[in-house]
Amino acid sequence: MTEITRRQFGKVAAATAALAGVSLPEFSPAQLPPGNRQFPPGFVWGCATAAYQIEGGVHEGGRGASVWDVFSHKPGKTFNGDTGDVADDSYHRYKEDVQLLKNLGVGAYRMSIAWPRIFPNGTGQPNQAGLDYYKRVLDELQQNGITPYVTLFHWDLPAALPGGWQSRATALAFADYAGYVARQLSDRVRHFMTTNEFACFTDLSYQTGQFAPGLRLPAAQVNQVRHHGILAHGLGVQAIRANAPAAEVGLAENATVCVPVIEDRANMEAARRATREESAPFLTTLLEGAYPDSYLRREGANAPHVEPGDMKAIGSRLDFVGLNVYAPTYVRADESARGYAKVPYPASYPHMASPWVYLGPECIYWAVRNVCEIWNPRAVFITENGCSAADVVTAAGRIEDIDRVMYLRNHLANLQRAAAEGFPVKGYFLWSLLDNFEWADGYSKRFGIHYVDFKTERRIPKLSAEWYRKVIAGNAVV
Ligand code: FCB
């Protein structure tokens, strides 16, 4: 008996049907019910980047050192000893990068400002040359019809600030910096995000030591670092509003995305509870204006020291919540007091090129839904979503990143579900416009929809860029 594979079976079935004179049904996307794949009118399409990951030019224009300059230059801290010294050289090539955005047809660009370009010492005298650089970038965007969404802190903390996020003074310094930038740039920028991903610049940086400054502190000190992070955000919101009253203010946060293992009532309820618990020291606290009791109980004597007025600032009203979404955390209902349990990934669970980018595209739907159902924000943006892939340039000079297209297409289909169900998701920023310095992974992981040859700095659009252009043009999943 000959065995046939499933693929062969498909071919046999098609051939049999053709022989029998039966034509296979034709499928055309246009036949789908109207609205099935469409995003709402006015949906914002964009790409995201961050200063240290793309700019290079670390000694130019009076820029001070950041903790990532110091950390990446220490032996053994990043893959291959890679640093952001040159990165994508976007400091010099920003006009070319704006053209990449324009060719995609995006309406928006999420970029970050390097604090040490504006205040080389973290506080004190601002640096005009640094500010002028961003004015040039913003003017270039404006001339090309692209709206900037600006993150004020994407991890490049000025190295000169004593104690970094261990010091409360850093939160105050951030507020001064945020207020100054808002005042100077409010004629060019309407959308500001305070911070990017608390857990990365607190836990990964001060608890596990994987990120700059690479410390491993005990729990009480880590909780204090976290507190200073969310305090910086809150004081930052106040400072931005005081200096740019028309600004829309939010943040970009990688809240754990809790996905019910089965979409039934008990597991969905568990995923909601888990969302609140897993983000306890960060998103939960700032959207509720108080640390959850369960968190304070759990941390006991290690809980953060809070000064009068802190919680009011931390709970400042936001115009939007930005969510960075990459991978699911599956949860199920559980008898425990918490009411949920996290289900570990089996060894066979698929992931993209970065081991942490587990595949589970419904996570983007649940990210939006859980956050909206728990906290009812006025608006939600996906401020990052994307994946790494093992891209290669073919002999024909192409990058056929069908795995990235698969990842993105499935995420967008699930985001479209959230929009169609009426959740207030207003826009999507793809991470990333171009391959760049991926923190501790250096240049070993490529997240861009434009390939960057790091020897020549040449940019080449990948298949995913072509695909994204069509998504944007049709305002629909394609
Ligand atoms: C996020 C970061 C971003 C980038 C992507 C891949 O956690 O915000 O800078 O590194 O992951």
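Basis for what follows: all heavy atoms, side chains included, without hydrogens, waters or symmetry-related copies. Counting starts at 1 for both ligands and their atoms, in listed order.
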Self-check item: Residue from T78, T83, D82 passing side-chain hydrogen bond (donor to acceptor under 3.5 Å, both in side chains) with N80
Solution: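 In the set T78, T83, D82, the residue that makes a side-chain hydrogen bond (donor to acceptor under 3.5 Å, both in side chains) with N80 is D82.
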Quiz item: Would you say the ring centroid of W165 lies under 6.0 angstrom from that of F201?
Solution: yes
Quiz prompt | Test ring pair (Phe, Tyr, Trp, His ring centres under 6.0 Å) applied to Y407 - qualifying residues, sequence neighbours left out | solution =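 Scan of Y407 (ring pair (Phe, Tyr, Trp, His ring centres under 6.0 Å), adjacent residues dropped) gives H411.
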Quiz item: When you measure from the side chain of T151 to the backbone N and O of M193, does any donor-acceptor pair fall under 3.5 Å?
Solution: no
Quiz item: Among pairs that include at least one residue of residues 202-213, which meet salt bridge (charged side-chain N to carboxylate O under 4.0 Å, His left out), considering only residues two or more places apart or in two chains?
Solution: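 As it turns out, the salt bridge (charged side-chain N to carboxylate O under 4.0 Å, His left out) pairs with a partner in residues 202-213, which skip direct neighbours, are D203-R226.
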Practice problem: Using salt bridge (Lys or Arg N to Asp or Glu O under 4.0 Å) as the criterion, list what pairs up with E466, not counting sequence neighbours. | Solution: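 Residues passing salt bridge (Lys or Arg N to Asp or Glu O under 4.0 Å) with E466: none at all.
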Could you list each nitrogen or oxygen of ligand 1 that sits under 3.5 Å from a protein nitrogen or oxygen, with the atom names and the distance?
{"unit_1": "ligand 1", "atom_1": "7 (O)", "unit_2": "E197", "atom_2": "OE1", "d": "2.6"}
{"unit_1": "ligand 1", "atom_1": "7 (O)", "unit_2": "E197", "atom_2": "OE2", "d": "3.0"}
{"unit_1": "ligand 1", "atom_1": "8 (O)", "unit_2": "H154", "atom_2": "NE2", "d": "3.3"}
{"unit_1": "ligand 1", "atom_1": "8 (O)", "unit_2": "N196", "atom_2": "ND2", "d": "2.9"}
{"unit_1": "ligand 1", "atom_1": "8 (O)", "unit_2": "E197", "atom_2": "OE1", "d": "3.4"}
{"unit_1": "ligand 1", "atom_1": "8 (O)", "unit_2": "E197", "atom_2": "OE2", "d": "3.3"}
{"unit_1": "ligand 1", "atom_1": "8 (O)", "unit_2": "E384", "atom_2": "OE1", "d": "3.1"}
{"unit_1": "ligand 1", "atom_1": "8 (O)", "unit_2": "E384", "atom_2": "OE2", "d": "3.0"}
{"unit_1": "ligand 1", "atom_1": "9 (O)", "unit_2": "Q53", "atom_2": "OE1", "d": "2.7"}
{"unit_1": "ligand 1", "atom_1": "9 (O)", "unit_2": "H154", "atom_2": "NE2", "d": "2.8"}
{"unit_1": "ligand 1", "atom_1": "9 (O)", "unit_2": "W439", "atom_2": "NE1", "d": "3.0"}
{"unit_1": "ligand 1", "atom_1": "10 (O)", "unit_2": "Q53", "atom_2": "NE2", "d": "3.3"}
{"unit_1": "ligand 1", "atom_1": "10 (O)", "unit_2": "E438", "atom_2": "OE1", "d": "2.7"}
{"unit_1": "ligand 1", "atom_1": "10 (O)", "unit_2": "E438", "atom_2": "OE2", "d": "3.3"}
{"unit_1": "ligand 1", "atom_1": "10 (O)", "unit_2": "W439", "atom_2": "NE1", "d": "3.0"}

